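Below is one structure; the comments refer to it alone.
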Amino acid sequence: MVNKDTVIQVIGTISDSIIENSEMLNDLDRAIGDADHGINMKRGFEKVKTTLDTTAFTDITHAFKTVGMTLLTTVGGASGPLYATAFLKFADQCKDVEEIDVKTYAEMLSAAIEGMKKRGKSDAGCKTMLDVWIPYLDTFKKETEDGAEMSKVLELSMDAARGGFEYSKTIIATKGRASYLGERSLGHGDPGAASTVLILQSLSEMFQEG
Ligand code: ADP
Ligand code: MG
């Protein structure tokens, strides 16, 4: 049952996972950017954690909206407004929702992706975080429509997400700082794609029983 308490718990899990992996995210950004993706994300999610400890959230929308606004004001970099957009779109889709079901989750992801595409003026194939968000949602939708069990749906969706990160190694960046490198961005995974894998991993855990 994905209610407000589960969502708050998952936001904490996302925060811990980003904070723990910030060096890895810096390393990826060092290769094709300015080595600060982990620093940026850690700053944002440390603030999110403080906010979790000090806020009594009224509902799911309030929780996601707070994350979005916190990321917007603390992360900085290209990734800040993009992740802020994702969480603010999650918030929009959860208005009047007591529990997140499969349908709402797909709508949240879809709205987030549309928002980030607009905000970043980008799409799949530009070597960005979208190369992970999009295959995750596509697989999630396909597998739920095919009637797969939830654990299987999430496993396959995460396979697609990780596949998106691997794919990002094989293409030239056309958006963001890495695009300045042209062909030299080949062979390196996108840092934002890596942080999205972490976020989606924790979000997927929302649906785990118990
Ligand atoms: P900056 O590039 O300003 O240093 P970060 O290092 O925090 O910011 O974030 C870089 C990540 O942001 C990239 O790895 C990429 O995934 C994402 N990104 C950058 N520009 C765009 C864009 N236009 N659309 C989607 N994602 C983008
Ligand atoms: Mg950077």
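Source: prediction; values computed, not measured. Order of appearance sets the numbers: ligands from 1, and atoms from 1 within every ligand.
- When each atom of ligand 1 is checked for a heavy atom of S79 under 4.0 Å away, the hits are 5 (P), 7 (O), 8 (O), 9 (O), 12 (O).
- Ligand 1 has a nitrogen or oxygen under 3.5 angstrom from a nitrogen or oxygen of N40.
- By the criterion of a heavy-atom distance under 4.0 Å, the side chain of S122, and not its backbone, is placed next to ligand 1.
- Here D29 has side-chain heavy atoms under 4.0 Å from ligand 1, and that is the only part of it that gets that close.
- If you put the vertex on the Mg ion (ligand 2), OD2 of D29 and OD1 of D36 sit 80° apart, to the nearest 10°.
- Atom numbering of ligand 1 starts at 1 in the shown order; those under 4.0 Å from a heavy atom of D34 are 4 (O).
- The minimum distance between the Mg ion (ligand 2) and any N, O or S atom of D34 involves atom OD1.
- Looking at atom 16 (O) of ligand 1, its nearest protein heavy atom turns out to be D190 OD2, 2.5 Å.
- Side chains of T104 and D101: a donor on one and an acceptor on the other come within 3.5 Å.
- When only interatomic distances are considered, the shortest N/O to N/O separation between R177 and ligand 1 falls below 3.5 Å.
- Contact between G33 and ligand 1 is absent, with no heavy atom of the residue lying under 4.0 Å from the ligand.
- At a 4.0 Å heavy-atom cut-off, ligand 1 does not touch V75 at all.
- For the residue pair Y83 and T196, a side-chain donor N or O sits within less than 3.5 Å of a side-chain acceptor on the partner.
- Ring planes of F207 and F140: tilted class, angle from 30 to 60°.
- Residue L82 holds the heavy atom nearest to atom 18 (N) of ligand 1 of all those in L82, L130, D131.
- Atoms of ligand 1 lying under 4.0 Å from any heavy atom of G77, numbered from 1 in the order shown and given with element: 3 (O), 8 (O).
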